[in-house]
Each structure stands twice: as structure tokens, then as C-alpha cells.
Amino acid sequence: MSLETLSSQRCHGGVQSFHRHASAETETPMRFAVFTPPGDGPHPVVWFLAGLTSTEENFTVKAGAQAAAAQLGLMLIAPDTSPRGDGVADDPAYDMGQGAGFYVDATETPWAPHFRMRSYIERELPALIGAQFPADMGRQGIMGHSMGGHGALTIALRNPGRFAAVSAFAPIVSPINCPWGEKALGGYLGEDRAAWRAYDACALIDDGARVADILVDQGEADNFLESQLKPELLEGSCTQAGIPLTLRRQAGYDHSYWFIQSFIDDHLRWHAARLVSPS
């Protein structure tokens, strides 16, 4: 299967498109969405990694990001969150399996054959985007929500210098220290908790990984705040490491896309300030 365009629509002067291709990493068809802003490009790229149960459609349809991205000249890439299809391992719970890839390369049965989302997001999909779209891969930012916030932070920390901007909405900042993460990392990677540290933003920072700065928005009415998200752990790690962290606690906001929609323009401006050269 070569790159297939599933749909393409004019949007805010640019183009919103959805695509499918055969992934060598996951050995499954994978889908992703691209918003290409007006103009010839090449355009700076901002990745958005979605959270548990999501697909490439959630951010694209619900966040309302295209208007600001068009104005700022940013290309938006929204991948799916896991491999899918017949023969792909799954779990009856929403926090494991299809829709819950946690942006890891799994090493354990039955997940290892297809759950290679780290390599897919870090290597395979960027190469495809650079080859097939008017993208400036020398100017990249990354952001995400919840499980995708975990993905954005850890991918940025593992790839120093690749991303000029990183931000997150309600990220899982330390999977080692929350039930979602313990289940996922234990299932995908096995019992050796030392192997989990490559997928934990706080552990990566504590072990020496660095980014220039981070923006995080966290709703104070988020049902998962105390048990799963624990932004104070990221705050502590960044303070100890000297990483400037802008952590905005937003009163009354929950974990939903209404929360993301309310602050997405701020995040896109954060990325544009670090990616777009002044005219």
C-alpha cells in the first residue's frame, strides 16, 4: 500500500487531509491527518499526539486548531494512537491495546509484533511527511494530550535538538508513578522497571535529558489529576534540572477537548514563536 489520501478539504485557506499507508514498523495500515496552511511552504511542523481511546480524528475535528495554524503558518500532523486491525493484540479495557499504544516499542508478548509506536512516531512517519508534504523538517514542535502529552514530552526529551518547542495538555508526566502507566509499561515492556525510564518524562529529566522549555496546561477539575497526571512531579523534576516550565493550572477545566479547544491557540502561538522566523 502506497500513501493513500482518504479525504481532502479546503479549510481556513489551507487543506485538511486524512491519509493511510502501510507501516513497516507496526506491520499494519496506519492513518494520520495533516493540516497544510496556506502558501507554498515548506512549513514548520507541529505534531499532536492524542490520548487514550483516540484516533487521528479527535484532535483534528474537536480542537479547532486549524484557524490559528493557518494564521501562524504551521503544518499540523495528527497520527493515530496505536496499530489496529485483525491480528493486532487488544485488551478489553480502554487503557491497554488498540487505542492505547502509549508511544512505546513493546517487547512483550502479545504486543511486540505490532506495538512499535515509538519508532513509528520518531522515525517512520517523519520520513514519510518530509518526503510527501511541503514540510520543513528542520523546524519541528511537538505537543499532546494525556497519554499523548506523555508521548510528546518523552519523544522531545529523547531527541534533543529535533524539537524547538514542546507542550502538553494534562500529560501523564510520570507513568512509573500512576496506575495507567504501571499497567501499560508493565504489559508492553515487562517487569524490569529500569526499562520503563525511557518512557517517563520525569525519569528522563532526572537521568539528564533536557529541552529548552516546556508549556503545560492542566485543568484543576480534571478527574485524573491526583491519581494519574501528577503535574507536581514534572514541576519538581524541571526545577531540579533547571528546565523552564510554564505550568498553568486552569480552574474549572476538565480532561476533555473543551479544555484543549480553550487553550489550543496559546499552544500554537508558543510553538510559532519558536518555529517561525520573524518576517
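Just so you know, these numbers come straight off a predicted model, no measurement behind them.
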Determine, using ring centers only, whether Trp180 and Phe102 are less than 6.0 Å apart.
no
Between Asp266 and Arg248, is the closest basic N to carboxylate O distance under 4.0 Å?
yes
Checking side chain to side chain contact (heavy atoms under 4.5 Å, CB included) between Ile172 and each of His150, Lys230, Gln228, which is the one that passes?
His150
Does a donor on one side chain sit under 3.5 Å from an acceptor on the other, for Ser2 and His21?
no
For the residue pair Asp105 / Ser119, report whether a side-chain donor-acceptor contact shorter than 3.5 Å exists.
yes
Main chain of Thr26, side chain of His114: is a donor-acceptor contact present, judged purely on distance under 3.5 Å?
yes
Determine yes or no for a side-chain-to-main-chain donor-acceptor pair under 3.5 angstrom, with Arg10 supplying the side chain and Gly13 the backbone.
yes
Side chains of Asp200 and Thr154 in contact at under 4.5 Å (non-hydrogen atoms):
no
Looking only at atom types and distance, does a side-chain atom of Gln140 sit under 3.5 Å from a main-chain N or O of Met137, one as donor and one as acceptor?
yes
Main chain of Pro79, side chain of Arg31: is a donor-acceptor contact present, judged purely on distance under 3.5 Å?
no
How about Gln250 and Glu220: does a side-chain donor come under 3.5 Å of a side-chain acceptor?
no
Between Asp213 and Arg274, does any side-chain N to carboxylate O distance fall below 4.0 Å?
yes
Backbone of Asp265 reached by a side-chain donor or acceptor of Trp270 within 3.5 Å
no
Pair Tyr253 + Phe263: ring centers closer than 6.0 Å
yes
SB check Glu235 Arg249 (cutoff 4.0 Å)
yes
If you define the side chain from C-beta out and look only at heavy atoms, does anything of Phe18 sit under 4.5 Å from Thr60?
yes
Measuring centre to centre across the rings, with the benzene-like ring taken for any Trp, is Phe133 within less than 6.0 Å of His43?
no
Is the centre of the Phe259 ring less than 6.0 Å from the centre of the Phe169 ring?
yes
Ignoring hydrogens and geometry, is there a side-chain-to-backbone donor-acceptor pair from Thr81 to Ser54 under 3.5 Å?
yes
Glu122 side chain to Ile155 main-chain N or O, any donor-acceptor pair under 3.5 Å?
no
Donor-acceptor pair, Asp90 side chain versus Gly97 backbone, under 3.5 Å?
no
Is Asn159 reaching over with its side chain to a backbone N or O of Ala156, donor-acceptor style, under 3.5 angstrom?
no
Phe59 ring center near His267 ring center (under 6.0 Å)
no
